[in-house]
Amino acid sequence: MFNSSEIRSQFPALGQKVNGHDLVYLDSAATTLKPNVVIDRITNFYKFETANVHRGAHYLSDKGTVEFENGREAIRKLFNAASTEEIIFTKGTTEGLNLLASSYGETFLNEGDEIVLTELEHHANIVPWQILALKKKCVVKYIAVNETGELEASSIDQVITTKTKIVSFSGCSNILGTITDVEKIVAKAKSVGAITILDAAQLISQKKIDVQKLDVDFLVLSSHKLFGPFGFGALYGKKSLLSTMPPYQTGGSMISSVGFDKTTFNDLPFKFEAGTPHVEGAVGTAAAIQFFTKLNIEDVFAHEQKLMNQLTEGLLSIPEIKLFGTAKNKAAIVSFNLQGAHHSDIGQILDQMGVAVRVGHHCTQPLLKKFGLTGTVRASISLYNNETDIEKTVEAVKKARRMLL
Ligand code: PLP
């Protein structure tokens, strides 16, 4: 059974007061808090295991290398990739997408080719493709989103055509919570011979992902959204595709041999990892994955859904509340506005009451524009939240209403 109070005790950040109130942290879609096991693992690494990895001739370097590569194995196992050669360490989702646009896109796309995204995408999955399209004279198209925040099934069929070379889409919207139909999009992309990229930044904490079963070509994620460290993430890619792609960045580590006139490149995955790597990122991520996978992801999802329903109900008892994103299948991310008040003012009042939410465009400006909005308040729930958090949040929104309307 899922025991939220036992879980909460593992997150030291939750023990503090903010503006005189116990912290209510509802900003987990931006970044999750870190449990003791992750903090301690990273601290321990810095205290006793600091050394650069690979090619070291001493104990600490060898140990560091083993721990670093254990991080790769933990990520491989997390979504059942066939081999650690298919796991490239990155700075996070954003870098993974830039790597793909640059290395795959610039090599394999030609004038007139089409790149398909969805209207739900985070800026990280829009801007690299727009830049690529400008360079290569390609076209970027979008699968439409309806009022509830779901992708239009008919739009998937219309937008993905034989001209489509890449379909890059989020498995879970960071603003509306919508969990997209990955199987359907992959099947359609395959039917026209396009490659698929799954942005799993949010999905990774919601659903078990099996890249072999889903048959996606690439997947990107950020460790900091899965209880792990900042500045670290991974790109999964099928070996058959990664082997055909040129390096993204160059320098040390990614080479096999360097001469004054010519360089040959290292094997996968190192071909894509130039320079000294983020060792504690890999070490901390392994600890975060161990923490997360000890829990039953379905129990976690059910716990968060229960709290989302409690929050939705509480908010809807306030007449001026307007919710955005009511898809049937959605993560516990609740976006809303209080009609007649500015989202930033609500955020400030909530903060005064110790409730941490995010306000603004959430890096989804095109989607907000489509809905005629400039921003929302977003409360995103994670496994360490509880019913008291939600009660306090609803009370804080009611107070904001009294102060602002
Ligand atoms: N994609 C989605 C769906 C996200 O939610 C985010 C971050 O919020 C990103 C991409 C970018 O992730 P990062 O900033 O960790 O690279």
Side-chain angles (χ1 to χ4, degrees), residues 25-34 38 75 79 88-102 115 117-131 142-143 145 149-151 166-182 185 196-207 209 216 218-236 248 278 281-282 284-285 288 304 324-325 327 329-335 356-368 375-382:
Y25 187 78
L26 289 177
D27 198 18
S28 297
T31 198
T32 53
L33 299 176
K34 318 304 169 196
V38 170
I75 295 172
F79 44 72
I88 315 293
F89 288 153
T90 64
K91 282 194 291 185
T93 308
T94 303
E95 190 181 45
L97 291 165
N98 276 278
L99 188 160
L100 290 171
S102 171
I115 301 156
L117 315 174
T118 83
E119 289 180 343
L120 285 174
E121 299 315 310
H122 185 283
H123 295 166
N125 196 26
I126 297 177
V127 188
W129 305 114
Q130 289 176 338
I131 305 290
Y142 296 88
I143 297 168
V145 170
E150 283 166 351
L151 296 179
I166 294 176
V167 180
S168 186
F169 66 104
S170 173
C172 174
S173 157
N174 67 306
I175 176 169
L176 303 179
T178 312
I179 294 177
T180 56
D181 189 342
V182 179
I185 297 172
T196 49
I197 300 169
L198 177 61
D199 173 350
Q202 300 293 340
L203 188 66
I204 196 72
S205 60
Q206 302 296 320
K207 298 277 174 196
I209 299 176
V216 286
F218 297 101
L219 173 149
V220 285
L221 58 82
S222 301
S223 183
H224 73 95
K225 295 193 195 278
L226 193 71
F227 314 101
F230 286 107
F232 190 80
L235 158 70
Y236 156 79
Y248 169 56
H278 188 355
T285 297
E304 294 171 2
F324 305 100
N329 191 11
K330 64 170 281 184
I333 293 174
V334 180
S335 264
V357 293
R358 187 148 292 247
V359 296
H361 57 64
H362 316 295
C363 293
T364 57
Q365 283 182 351
L367 179 70
L368 283 177
T376 68
V377 182
R378 182 187 71 183
S380 48
I381 293 164
S382 187

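For ligands, and for the atoms within them, numbers begin at 1 and follow the listed sequence.
- The salt bridge (Lys or Arg N to Asp or Glu O under 4.0 Å) test applied to Asp27 returns Arg358, Arg378, not counting sequence neighbours.
- At the shortest separation from atom 3 (C) of ligand 1 among protein heavy atoms lies Asp199 OD2, 3.5 Å.
- Of all heavy-atom pairs spanning Cys172 and Gln206, the tightest one is SG-CG, 4.4 Å.
- Of the protein's heavy atoms, His122 CD2, 3.3 Å lies nearest to atom 6 (C) of ligand 1.
- Using a 4.0 Å cutoff on heavy atoms, Asn125 does not count as a contact of ligand 1.
- Closest to atom 5 (O) of ligand 1, if we only count protein heavy atoms, is Gln202 NE2, 2.8 Å.
- Among protein heavy atoms, the minimum distance from atom 8 (O) of ligand 1 is reached at Lys225 NZ, 2.6 Å.
- Here the shortest heavy-atom pairing between Ile333 and Ala29 reads CD1-CB, 4.1 Å.
- Set against the non-hydrogen atoms of Asn174, the atoms of ligand 1 under 4.0 Å away are 5 (O).
- Of the protein's non-hydrogen atoms, Thr94 OG1, 3.6 Å is the one closest to atom 14 (O) of ligand 1.
- Residues Leu203 and Leu198 form a side-chain contact, since some pair of their non-hydrogen atoms from C-beta on lies under 4.5 Å apart.
- Neither side chain, Ser170 nor His122, offers a donor N or O lying under 3.5 Å from an acceptor on the other.
- In terms of polar-atom proximity, Ser222 is counted as a contact of ligand 1, with an N or O under 3.5 Å from an N or O of the ligand.
- The shortest heavy-atom distance from His224 to ligand 1 is under 4.0 Å.
- Between Tyr236 and Phe79, the ring planes are perpendicular. Angles over 60° get that label, and only those under 30° would be called parallel.
- Using a 4.0 angstrom heavy-atom cutoff, Glu95 does not count as in contact with ligand 1.
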Task: Full working for side-chain contact (heavy atoms from CB on, under 4.5 Å) between Thr376 and Val359 - done: CA-CA 6 Å; Thr376 68; Val359 296; over 6 Å; no

